[in-house]
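Step one of this worksheet: look at the structure below.
When a ligand or atom number is given, it counts from 1 through the structure's own listing order. The basis for the numbers below is simple: all heavy atoms, side chains too, and nothing from hydrogens, waters or symmetry mates. Everything numeric here is computed off the predicted structure, so don't read it as measured data.
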Amino acid sequence: MSRLLEVKNLTTNFHIGVGCVQAVRNVSFHLDAGESLGIVGESGSGKSVTMMSIMGLLPDYADVTADSIRFNDREMTKMSVGEFRKVRGNEIGMIFQDPMTSLNPLYTVENQIAEPLRIHRGMNKAEARKAALELLKRVEIPNPEARLKQYPHELSGGMRQRVMIAAAIACQPKLVIADEPTTALDVTIQAQVLDLLNHLKESSNASIIMITHDLGVIASMCSRILVMYGGIICEQGTVREIFYEPRHPYTWGLLRSIPKMTERKDEKLIPINGTPPDMLCPPKGCPFAPRCPYAMPVCRKYLAPNTVLGETHSCACHLLHPNAPKVERGL
Ligand code: SF4
């Protein structure tokens, strides 16, 4: 598989009145063409900021630096604003959690979907309308002809999400980034939207980055997972490695807090005690140390190096040091 996206040492700080929020710290990862990658972590872990940094969608007070962000064989850190905008609209599509805030309330459904086609594909009005109708059919919106003339507030939450997916895939992007695409939807609609994304992934061969706090969503969609905590990637691996051979205590905690098919009725889900770190003043050393039952003195002083455990599996935890005490896997 060829490499579609490669990010090296991405750091994002927000300079706000009271100080500097260190939202993302030296994050490196890659994505191959046709691959689906899940990024999981609690709110504030840096997963959405990582993708917004890559897409150049952060406000001016964000300071984004990276050694390299290569997309489709081009270096994005060296692109002009115009080139960057072209890539963003044409080759990368984004699906956000709340379509109400990302769809323009003053535009009809037709305009929302047709605009990128006119701008990036040079279609005239009639061609863009025809393509928008086809896209609505593709995302299985009932009565698509009538929907073209409607405004976002006239649609249900599930339909708005389908419109946003149609707009995101309109230019046949090589990469679709979906940021919590099902969180605002009720459970049955969530399943339909995930089915739709899976179907689109298979039929278009686009790569997908799925950002979520829900490991269940990732298991149904992705082949590889990045686990983020406190602005760093604490573990990454294939779905099998993360679910069956996790090595980071935070990953253990995430897995303990989701229901299992084999769970007995009296078995309780175990939440992760404590709260995520304040990134205005992150703890020295491992950001998970204040919540980690295995924290050692070294954890409070130094960030653990990334230990490579296999071709696809790596983890940043001092427990992986050969001299660290052996602990039972916390699952
Ligand atoms: Fe826990 Fe230390 Fe590992 Fe951090 S580095 S997860 S504090 S054991």
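Look at E75 and K78 and you find no salt bridge, because none of the NZ, NE, NH1 or NH2 atoms lies under 4.0 Å from a carboxylate O.
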Show which side-chain atoms of residues 295-308 pair as donor or acceptor with protein atoms under 3.5 Å away, not counting sequence neighbours.
none

Using distance only, find each side-chain donor-acceptor pair of residues 270-287 under 3.5 Å and give its atom names and separation, not counting sequence neighbours.
{"from": "D278", "atom 1": "OD1", "to": "L280", "atom 2": "N", "distance (Å)": "2.9"}

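Protein-derived N/O/S atoms nearer than 2.8 Å to atom 1 (Fe) of ligand 1 total 1, waters excluded.
Counting only residues at least two apart or in different chains, side chain to side chain donor-acceptor pair (under 3.5 Å) contacts with residues 155-177 comprise R162-Q192.
Among all heavy-atom pairs drawn from Q112 and A167, the shortest one is O-CB, 4.0 Å. The minimum heavy-atom distance linking L309 with C315 is given by the pair CD1-CB, 3.8 Å.
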